[in-house]
K.L.:
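First, the structure itself, so that you have it in front of you.
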Amino acid sequence: MHCHSTISDGVLTPTEVAERAHANGVQLWALTDHDELSGLAQASAAANDLGMKFIPGVEISVTWAQHTVHIVGLGVDENNDLLNAGLTDIRSGRTVRAREMADRFEQIGIPDAYEGALPYAANPSLISRTHFARFLIERGYCDNMQMVFDKYLGDGKPVSVPMHWSTLEQAVSWILAAGGQAVVAHPGRYTYTPVQFDAFFSQFKDLGGAAIEVVTGSHTPDEYAIYAKVARQYGFLASCGSDFHSPKEGKLDLGTVPALPSGLTPIWHDWA
Ligand code: AMP
Ligand code: MN
Ligand code: MN
Ligand code: MN
């Protein structure tokens, strides 16, 4: 229910992601590129050829209480005007931010990072921190992704550029307008206080949000249990996903996501 292709910050094309998912035993597959819908037609055709059910998805960047959260939309209509207009707006901010990141890299002795990151971004309108990270690793500045985020790109680090993505209201309303269901991606990654988390989940629910990710490549097994409890407490459906980006990165491959804890209703029950 959550993975990426070259349309955002993954390294495989939508067709290659479909083939890998199918080869790994996936029966129901959603592609959820960041802030982009342009891979969905290819993904849907590839899934169809393979005889695998497909859910068109997206992962929208949101700013809530000065931090970035990601809201996955599942079952969205890729031709919806409101959703497309909102995502176009988000993407335009990425290029400006990438220039600013390159300036900051230059100030700390890493020149030409924009030119270096760009070849990693197969879709130039969707340049992300991941593309900068791959450039830094290739040049030997860091050994792996985690090190790049810990040293340079994570919140509060020297190259972190504060962003105003969309609001939670906007992201959820665009997903609903496009006929989709809204899902909080990897809640375990956010650094909110308990009071903020409660406000966030309550607001998401009030806006019509349907689900939270419980089992994801971004959670530890302890967090599976924590967010299972949250889903039960707020009456959310549960989602899961590898958050696959590359065969060489991340904790979980496509099709290797552990089962949901018991007692939860999966978001995909309508599609399965
Ligand atoms: P952006 O949308 O440009 O802010 O980039 C966010 C992307 O960076 C996420 O979708 C992940 O793919 C990646 N990312 C964020 N934090 C980390 C981290 N700590 N380790 C590895 N990858 C990360
Ligand atoms: Mn990503
Ligand atoms: Mn995410
Ligand atoms: Mn993701």
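Ligands are counted one by one from 1 in listed order, and the atoms in each one are counted from 1 as well.
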K.L.:
Restricting to distances shorter than 2.8 Å, give the number of protein N, O or S atoms close to the Mn ion (ligand 4).
P.N.:
4
K.L.:
Please determine if R104 and E100 form a salt bridge, counting it only when a charged side-chain N lies under 4.0 Å from a carboxylate O.
P.N.:
yes
K.L.:
Looking only at distances, can you tell me whether any N or O atom of R189, backbone or side chain, sits closer than 3.5 Å to an N or O atom of ligand 1?
P.N.:
no
K.L.:
Measure across N144 and M147 and return the closest heavy-atom pair with its distance rounded to 0.1 Å.
P.N.:
OD1-N, 2.8 Å
K.L.:
Would you indicate whether N24, at its atom CG, is surrounded by more than 12 heavy atoms from other residues, nucleotides or ligands within a distance under 6.0 Å?
P.N.:
yes
K.L.:
For F236, does the six-membered ring have the charged nitrogen or CZ of K205 within the cation-pi criterion, i.e. under 6.0 angstrom from the centroid and within 45° of the normal?
P.N.:
yes
K.L.:
Taking N80 for its side chain and L83 for its backbone only, find out whether a donor-acceptor pair lies under 3.5 Å.
P.N.:
yes
K.L.:
In this structure, are over 12 heavy atoms from other groups packed under 6.0 Å from Q233 atom CD?
P.N.:
yes
K.L.:
Looking only at distances, can you tell me whether any N or O atom of H245, backbone or side chain, sits closer than 3.5 Å to an N or O atom of ligand 1?
P.N.:
yes
K.L.:
May I ask you to list the atoms of ligand 1 that are less than 4.0 angstrom from any heavy atom of S128?
P.N.:
3 (O)
K.L.:
Nearest protein heavy-atom contact for atom 5 (O) of ligand 1: which residue, which atom, what distance?
P.N.:
R129 NE, 3.6 Å
K.L.:
Do any pairs count as a ring-ring contact (aromatic ring centres under 6.0 Å, His included) and have a residue in residues 41-73, sequence neighbours left out, and if so which ones?
P.N.:
W29-F54, H34-H70, W64-Y192, W64-F200, H67-Y192, H70-H186
K.L.:
How close do L87 and W174 get, counting heavy atoms only, and between which atoms?
P.N.:
N-CZ3, 4.4 Å
K.L.:
Is the Lys NZ or Arg CZ of R20 less than 6.0 Å from the centre of F244's six-membered ring, within 45° of the axis?
P.N.:
no
K.L.:
Just which atoms of ligand 1 are under 4.0 Å from any heavy atom in T130?
P.N.:
7 (C), 8 (O), 12 (O), 13 (C)
K.L.:
To which protein heavy atom is atom 20 (N) of ligand 1 closest, and what is the distance rounded to 0.1 Å?
P.N.:
Q146 OE1, 3.3 Å
K.L.:
Assess the side chains of S61 and D35: does a donor N or O sit below 3.5 Å from an acceptor N or O?
P.N.:
yes
K.L.:
What is the name of the N/O/S atom of D9 that is nearest to the Mn ion (ligand 2)?
P.N.:
OD2
K.L.:
Should one rank H34, E59, R97 by closest heavy-atom distance to atom 3 (O) of ligand 1, which comes out on top?
P.N.:
R97
K.L.:
Could you tell me whether a side-chain N or O of Q196 sits under 3.5 Å from a main-chain N or O of T193, the two making a donor and an acceptor?
P.N.:
yes
K.L.:
At under 4.0 Å between heavy atoms, which part of D150 makes contact with ligand 1: side chain, backbone, both or neither?
P.N.:
neither
K.L.:
Judging by distance only, is a nitrogen or oxygen of S61 under 3.5 angstrom from one on ligand 1?
P.N.:
no
K.L.:
Can you figure out which of F149, W165, F132 has its heavy atom closest to atom 17 (C) of ligand 1?
P.N.:
F149
K.L.:
With a 6.0 Å cut-off (strictly less than), is the heavy-atom count around CD of Q203, excluding the residue itself, greater than 12?
P.N.:
yes
K.L.:
Any heavy atom of R94 sitting closer than 4.0 Å to ligand 1?
P.N.:
yes
